[in-house]
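Quick notes on the structure that follows.
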Amino acid sequence: MSALLALVLTAATAQEANNVNAQLYAPPIDSTRTLWLEDSVMLPNKSVVARGMFSYTNKPLVYVKNGETTNIVSDVLQLDLAAGMTFGRVRFGVDVPVYLLSSGEAQTGAGLGDLRLDAKLGILDHDEAPLGLALTGRTDLPTATVDLPLGSGKVAGEFAVVVDRPIGDLLLAADVGLRIRPEAVLENVTLNDALIYRFGGAYAFSDEAGASLEFAGNTGFGTQGTGAGSPLEGLVGGYYRMPTGLTFRGGVGTGITRGIGSPLARVMFMLGYEPRAAEDMDLDGLVDDIDNCPQDPEDFDEYEDTDGCPDPDNDGDGLLDTADTCPMEPEDMDSWEDEDGCPEPEFLVRWSVVDPAGNAVSGARYVLPDGDSFEAPTEAGWLPGIYEVSAEAEGYDTNTRDVTLEMPGPQDLVTVLTPKVTMGTLTVKVVDKNGEPVEGASFSLVGVQGDHATGSTLSLAPADIQVIASAEGYAEVKDSGTIKADTQTDLTIELARIAGELLVEVVGPDGKPIEGATFTLDEEGENQSPGEAVEVAPGELTVIARAEGYAPGKATATVVADEAVTVRIALEASRIKVTKTQITLEEKVFFKTGRADIQSQSFAMLDELAQVIQDHPELTKIKIEGHTDSRGSESSNLALSERRAASVRTYLIGKGVEGERLVSEGYGESKPLDPAENAEAWEKNRRVDIFILERDDD
C-alpha cells in the first residue's frame, strides 16, 4: 500500500518537511522472536547481544498537491548497527543507523541517521508469572547528516510498557508508550508528541526457528489535518538461531494507513549474535546453564544444593531420605537392621574351630568370600549381620556356612571340621545296544537319594556300590562296582528297549489283501511283507506300502512299548502303466493356459510317476515328450511344448528322480493324434508322452 500524504495544501515545499523523521522503524536491541516488538525476556547477566540489519524502505514520505505527487523520500537503503549488554534486570543498548542510500525528489545522498540510546528494565518473567512485564526507554540524538527528512533535528525519545505472554509455542506481545518529538508543521499538518503502540505474535516451530506477525503505529496528540499523523504498518518475519548464538532474521512489511512514515514496502535482513535467555525450567532458582538437572528441581536439604539436582538419597545407601533414619550416614548393609538406614556399631565376637571330639584344630583359619582371612581362635570387633564364612585346615574338609552375628555381644562362634576322607570318582555312561548314549537316561546309587544324568561323574568315599540305570522305553538294569581312593571308576551300562508290536495290512480298493504287497518303515527301511506282527522300537514312524499296479500308500503309526498296534493301508489302482517301451499316464498333465506352469491337480499323479520311476531302476533313460494342438503359430507351439516337457522333467527331479535318467523334447503340433480341427481333436493332441529309450534288463 502506498503511504500517501493526501492533503490539499495551498503551498508546500520539500524544505518544510526536513524537520520530520520519515523513518519510523528502529530495530529492537534484544528481542528474542520479533523484528520490531520488544519483549520482556532478559538475557543472562553480563551477556552481550550484537546485531547488524540491512533494510530497504520504499516511499515512506510522499507529498500530493492538486493531483501531483512529489516523492519527498522515495527510497532508503539503511544499515543499523546495534548492540546491548545486560546487567541483572537492566539492559543498555545503542543503535547506529547508517543511510547507505537515501533518495527523493530534491536529492540523493548517504550519511548517518539519529543515534539511539536504549534501555530496558525487566520487572516480571513470563516463565515465573502469568505475564511478562518490562519497561523500555529510548533517546534519539540529532546526529543525522542527510538533507532529506530522515532525522528529527532535535533530541527525541520514547518510553513504553512491554507485556507478553507465551501460550504453548506462541508468544503474544504488546508495546504501548509515548513518543516525545519536536513539533513539526507541514502546511496544515502539525506533528508533535504521539501515542505509540506495537502488537503481534511469534510462533516457535522449534528451539531454533520461528515466524512472527507484527503491527506498529502511532497517533499524534493534537495532530491537525488529515490522518497523515497516524501511520500504521504491518510486518511479517522469521528467524533461525544457530547453536553458536548466530541468528538470522528477515521480514517484509507494508503500510496499512496513509500516514507519514508508513511505506509502500519495507524489506529487511538481520544478522546477529544473540545469547539464549537464561532459563530455569525446573523453577528451583538455578538457571539451566549451571543446573546439572534442569528438569528436576533441587531439594535444598543442605547436601550438594548448588548442583541443581535433587538428592533423594544423600548418603547413597539406597534408602530414600524420607525413610532413612540417618540420611547423612550410609547404612552398612550387613543384613542386620538394614531398613533403618543407620550403620550399626561393632561388638566382640570370639571365633574358634574344633574337631568332632571338641578339640581345637591346629592351624585353622576362617576365610571370607572376598579373600580376607584370619586365624582361629581369635576375637575381634564385628558389625552385626549375616556373614558367609569358610573354616578350613590342612587334613580337614572345609566347612562353609552362613553365621548370624546379633547384638548385644560378646558372641562365641564355633565351627566343627571333619577329617578328610580320600575320595574316588565314578563315571556312569548309559548306552543302547549300538553303544550310543541313551537320550534322557539317568542312574542312581542304591541306598543314596538322587538321580544323575548319563555321563555324570560323582565323588564318592571308597566302598562297594550298586548302580541302577533307567530310561523311558527301556528295561531297567542294575550293575555293581567298587570305588577306590584316588581312583577313577568307569561304569558303562547297556539298556535294551522295551519293544512294541506293529501289524501292517495292505488292501486294495475292494478291501481285500493285495498279494505280493510290501511295506517299509520310515522310507529307508527294508521291504517287509504285511500280515505278520514285527517288533519295533517305541515311537512315531511312517509306514509306506507298495504293490505292482497300485499307487504307493502311506500311514503314520505310533508304537508304544509292550503294546501292539495295527495299521491298515488301502492302495488305489495306479494311474501309471509301464510297458516295454512306454510309461502310460492314465490322466493328462494339466498346465496353465499358454504357459508351462503345471497345475496343482496334476501334482499327485506326477508324484506317483516319480515313485514308479524310482521303483524301476532298470529304466536307465526315459524321454518326456511335449505336444500341443494346432492353434497358434508353429514356432510358438514348438517353444511351448519344449518348456512344458522340461517343466515335467524338473518336477520329477525335484521328487528324487536322477536327472541323468531323464531327457525332454517338444514337438509342438507336428505329431497330432487326431488331425481334425475341432475341440475334441485339440484336447487329444495337447499331451505329455513318456517313452523308455534305454533299459538294462533287455
Side-chain angles (χ1 to χ4, degrees), residues 432-436 438-439 472-474 495-579 583-587 602-622 648-649 651-662 690 692 695-697:
D432 58 18
K433 63 180 181 179
N434 298 318
E436 298 295 328
V438 176
E439 184 177 355
E472 185 176 355
Y474 291 82
L495 297 184
R497 299 227 37 167
I498 303 174
E501 286 191 345
L502 174 67
L503 178 62
V504 178
E505 298 178 354
V506 181
V507 300
D510 56 1
K512 295 180 180 180
I514 298 175
E515 186 176 350
T518 61
F519 70 89
T520 58
L521 302 180
D522 291 335
E523 298 188 359
E524 297 182 357
E526 297 180 356
N527 287 330
Q528 302 184 63
S529 299
E532 295 184 6
V534 293
E535 286 191 352
V536 294
E540 186 175 277
L541 49 83
T542 301
V543 183
I544 302 172
R546 296 182 177 86
E548 188 72 29
Y550 293 87
K554 182 185 295 187
T556 300
T558 300
V559 179
V560 180
D562 215 16
E563 293 185 12
V565 63
T566 300
V567 174
R568 184 182 180 90
I569 302 176
L571 302 184
E572 299 292 334
S574 176
R575 290 169 287 188
I576 312 297
K577 302 296 183 183
V578 180
T579 65
I583 300 177
T584 304
L585 308 179
E586 293 189 355
E587 296 180 4
S602 295
F603 289 168
M605 184 187 68
L606 292 178
D607 290 347
E608 185 178 340
L609 173 60
Q611 186 61 55
V612 168
I613 295 174
Q614 292 179 82
D615 289 343
H616 288 77
E618 72 278 6
L619 307 181
T620 57
K621 187 68 69 176
I622 297 170
V648 172
R649 179 178 183 272
Y651 187 94
L652 296 176
I653 292 173
K655 291 299 179 178
V657 179
E658 299 90 336
E660 60 269 19
R661 298 175 63 190
L662 302 175
I690 300 176
I692 301 170
R695 54 193 304 160
D696 61 7
D697 59 349

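This one's a predicted model, so the numbers in the text were calculated from it and none came from an experiment.
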Can you name the nearest heavy-atom pair linking [X] to [Y], along with the distance?
X: Ala557; Y: Val567; result: CB-CG2, 3.3 Å
X: Ala533; Y: Glu501; result: CB-OE1, 4.1 Å
X: Ala517; Y: Pro530; result: O-CD, 3.1 Å
X: Arg568; Y: Glu505; result: NH1-OE1, 3.0 Å
X: Gln614; Y: Gly656; result: OE1-O, 3.7 Å
X: Pro509; Y: Tyr550; result: CD-CE2, 3.8 Å

**Prompt:** For Glu658, does the CD atom sit with more than 12 other heavy atoms under 6.0 Å from it, leaving out its own atoms?
**Reply:**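 Result for CD/Glu658: enclosed.
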**Heavy-atom neighbours of Glu618 CD exceed 12 at 6.0 Å** =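 Counting neighbours around CD of Glu618, more than 12 heavy atoms of other residues, nucleotides or ligands fall under 6.0 Å, so yes.
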Could you tell me the separation between the [atom1] atom of [X] and the [atom2] atom of [Y], rounded to the nearest 0.5 Å?
X: Arg695; Y: Lys621; atom1: CZ; atom2: NZ; result: 15.0 Å
X: Ile690; Y: Arg649; atom1: CD1; atom2: CZ; result: 13.0 Å
X: Thr558; Y: Glu540; atom1: OG1; atom2: CD; result: 4.5 Å
X: Ile692; Y: Ile583; atom1: CD1; atom2: CD1; result: 5.0 Å
X: Leu571; Y: Ile514; atom1: CG; atom2: CD1; result: 4.0 Å
X: Glu532; Y: Leu503; atom1: CD; atom2: CG; result: 9.5 Å

Hey, does [Y] have a side-chain heavy atom less than 4.5 Å from the side chain of [X]?
X: Arg546; Y: Pro552; value: yes
X: Val543; Y: Leu502; value: yes
X: Gln611; Y: Ile576; value: no
X: Lys655; Y: Leu609; value: no

Give a yes or no answer on whether the side chain of [X] reaches the backbone of [Y] with a donor-acceptor pair at less than 3.5 Å.
X: Arg661; Y: Ile622; value: no
X: Asn434; Y: Glu436; value: no
X: Glu587; Y: Arg575; value: no

**Message:** If you apply the rule side-chain contact (heavy atoms from CB on, under 4.5 Å), what do you find for Phe519 with Ile569, and how did you get there?
**Reply:** CA-CA 10 Å; Phe519 70 89; Ile569 302 176; 5.8 Å; no
